[in-house]
Structure formats: C-alpha cells, structure tokens
Amino acid sequence: MFNFYPGPSKVYPEVRDYLTMAYDEGILSIPHRGERFVQMMRELVGLLRTKLNIPQDYFIFFTSSATECWEIIAQSLTPHKSLHLYNGAFGEKWCQYAKRLRPDSYGQSFEVEDVLDVPNIPVEDDTDVICVTQTETSNGTQVNMQTLLRLQNQFKDPLLAIDATSSMAGLNLKFIRADIWFASVQKCFGLPAGMGILVCSPRTIQRAKALNDRKHYNSLVFLHEKMLNYQTAFTPNVLSLYLLKKVLEHRPLIKAIDQHLVQRAQELYAYFEEFADVPLLVENPEVRSHTVLAVKGQDRWIQEIKRQALQQGITLGNGYGAWAKNTYRIANFPAIADQEYASLRSFISTQYR
Ligand SMILES: *Cc1c(COP(=O)(O)O)cnc(C)c1O
C-alpha cells in the first residue's frame with residue numbers, strides 16, 4: 001500500500017519498532033513530573049533545535065494539535081484582534097476560529113496564483129498578530145521565506161504567526177523570520193496524529209507575560225512556566241513525545257531533508273507538466289508548495305482516478321475545501337520513499353495520454 005494522503009499521512013516504518021520499544025522501556029506509564037520524563041523532554045527539545053534549526057532563544061512547547069495552537073494564539077496573544085492572510089481552507093478556518101474568540105479579528109484573502117502583496121496589505125490599528133499559513137495544505141500553495149522577511153520588515157509591531165503544519169520537519173524554515181510557528185505531527189514528521197508543536201520567539205513570551213492570560217488550561221504563560229522545567233501543564237501524550245524523539249534521533253539535518261524534498265517536488269511538477277491534459281491546480285511556480293501537490297480535473301474524472309489508484313494499492317489525497325471535488329492531492333513528505341513516487345508515476349502514466 002502506498003499512501004500519498006497529505007495528513008494523516010504515511011508514518012515512518014520504524015514507528016512499528018518504536019512502539020514496541022516504548023512499551024518495553026516502560027516509558028508509557030512514567031509520571032510526567034518525574035526525573036525520567038524531564039530527561040526525555042530535555043533531549044527531545046535539544047533534538048528539535050538541532051535537527052530543525054530552531055534558534056537557541058526560541059521556546060518550544062507541545063500541544064495536542066495545530067488547531068489548539070490557533071486557539072492559544074487567540075487566547076493568550078490577541079487582546080484586540082488578529083489579521084489573517086489566506087488563500088485556502090486552512091487559513092480561512094484559522095480566521096474563523098479567531099473571530100469567534102476575538103470578534104474584531106479580520107481576514108484578507110488573496111488569489112491562489114498570487115504572491116502576497118506585502119506593501120499593500122491593509123493592517124488596522126491594534127492588530128496584535130498577523131497570521132499566515134506557510135503551506136496551504138488545501139490547495140498546494142506556499143508563502144516563501146522571502147515573503148515572510150518582507151512581512152517582518154514592513155510590520156514591526158504585530159507578532160507574526162505561521163501555520164507550518166504541512167512543512168515543519170520537511171522544509172528548512174527560517175524560524176527567525178517569524179515569532180510563532182506551529183505544526184502537528186501527522187504531516188511532515190511522519191508520526192501518528194495527536195500532538196502539536198509550538199515554537200515561540202522571546203518577544204512572543206514577553207507579550208504573553210505582559211498580557212498574563214491565565215483563564216485557560218493551555219494559556220501560554222502556563223505552558224511557559226511548566227516548560228522552564230521541561231514539563232507540561234497537563235498530563236501529556238508520552239507515547240507521541242517518545243515517538244517524536246526516536247524519529248528525530250534517526251533523521252538527517254533539516255537542510256538535507258529540504259534539499260531532497262525540493263528536488264523531488266520539482267521532478268514531480270516537471271513530470272505532471274509533460275502531460276498536455278493534466279492541469280496542476282497552481283500554475284505559478286513561485287507559489288507552488290514543495291510538500292503538497294494538487295492536480296486538477298473534471299469531478300467525475302478525479303473520482304475515477306482515485307478509484308483506479310486504490311485498486312492498485314495507491315491512496316491519493318482527496319481534494320479539500322473549495323477544491324474537494326475537482327482536485328486530488330499528493331503529499332511530498334519525508335516519510336515517503338523515492339521508490340514510492342516511482343510507483344506513483346508509473347500508475348499516473350497509465351491514466352493519462
Ligand atoms: C492539517 C492542518 C491543520 C490541522 O491540524 P490538526 O492537527 O488537525 O489540528 C492546520 N493547518 C494546516 C495548514 C494543516 O495542514
């Protein structure tokens with residue numbers, strides 16, 4: 001079975017062994033205030049820094065999901081309102097969540113083919129956070145590091161928050177170009193769903209302390225206070241933490257993973273472009289995602305190719321949001337082997353002329 005679903009996605013095959021190891025090592029029922037837990041967390045945080053290139057002065061927290069991170073940002077860092085720049089379903093959903101908690105929050109949508117037009121973004125007074133989805137999993141677009149730099153230079157005061165759910169652990173993100181980054185583990189980390197990772201700049205923590213939101217179990221100041229001792233505010237998913245640590249131990253540095261993925265993405269895009277009758281959803285190479293590809297077609301035909309693929313043991317990702325019916329998606333995540341893309345290509349070749 002080949003699984004190209006962009007989340008939950010293929011887990012590393014090694015996870016099978018790590019699960020047994022977790023049991024055998026007796027890690028599954030350790031107390032989360034104990035020595036062993038703290039030691040594991042300390043190692044895990046160190047590994048995340050080294051392997052993903054997270055700056056030493058940035059803080060790392062563990063949550064239950066990326067969605068929880070949306071909520072934490074609204075609760076703990078947004079006294080007035082956040083601005084949401086989006087071109088797809090996940091960015092829009094984030095905006096809707098924020099609006100429910102902070103009704104003055106507002107969205108600014110842009111076109112799938114467009115690079116964010118930074119100089120002309122209307123930012124209202126009292127905007128606490130500017131929110132951007134780095135890889136929009138629903139349509140296979142991305143906001144590149146250059147654009148983040150422009151945003152950072154243009155808007156000095158608001159915090160810059162980046163949803164990197166489908167790129168963290170896949171792409172070499174420049175963490176210093178934003179204040180808040182988050183992801184969940186079922187995408188590029190190649191792990192079973194159920195945990196999120198939140199990365200915050202020193203400035204973010206200063207703001208959280210000044211605002212001092214303590215109304216929620218997951219208030220950022222609580223996460224911060226506990227994490228100073230490598231602990232969590234609530235009993236965490238120790239198995240997920242363990243699996244993350246084991247996977248990271250055996251992964252190369254992010255620079256190498258990024259190079260591999262970017263090259264593989266370029267090959268895949270070039271491959272699809274060779275077929276005259278296969279439109280890619282995103283035409284502008286500048287905004288095409290390196291980790292999620294979306295292929296467009298007539299509704300009936302998309303349904304048919306997914307069905308044919310399944311018969312060959314290949315799972316293509318369904319479309320999502322506005323593109324649910326007229327696209328299928330292909331994850332380009334690190335846990336999927338090159339060999340599997342060779343199989344995908346030979347299947348695709350039988351489907352198109
Ligand atoms: C998958 C995804 C989410 C949601 O992740 P959860 O773990 O379900 O909270 C949010 N944003 C993006 C861009 C995603 O791809």
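In each ligand, atom 1 is the first atom listed, and ligand 1 is the first ligand listed.
Closer than 4.0 angstrom to ligand 1 by heavy atom are S65, A66, T67, W70, F90, T133, T135, T137, D163, T165, S166, S184, Q186, K187, sorted by chain and number.
Annotation: ring-ring contact (aromatic ring centres under 6.0 Å, His included) contacts involving residues 136-177, sequence neighbours excluded, comprise F175-W181.
Using a cutoff of 4.0 Å between basic side-chain nitrogens and carboxylate oxygens, E283 and R288 are not scored as salt-bridged.
A cation-pi arrangement is present between K187 and F90 under the rule of less than 6.0 angstrom and at most 45 degrees off the ring axis.
The aromatic rings of W301 and Y352 lie tilted to each other, with the angle between the two planes from 30° to 60°.
With sequence neighbours excluded, the residues satisfying side chain to side chain donor-acceptor pair (under 3.5 Å) with R214 are N212, E225.
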Table please: side-chain donor-acceptor pairs of residues 22-32 below 3.5 Å, with sequence neighbours left out.
unit_1: E25; atom_1: OE1; unit_2: Y242; atom_2: OH; d: 3.3
unit_1: E25; atom_1: OE2; unit_2: Y242; atom_2: OH; d: 3.0

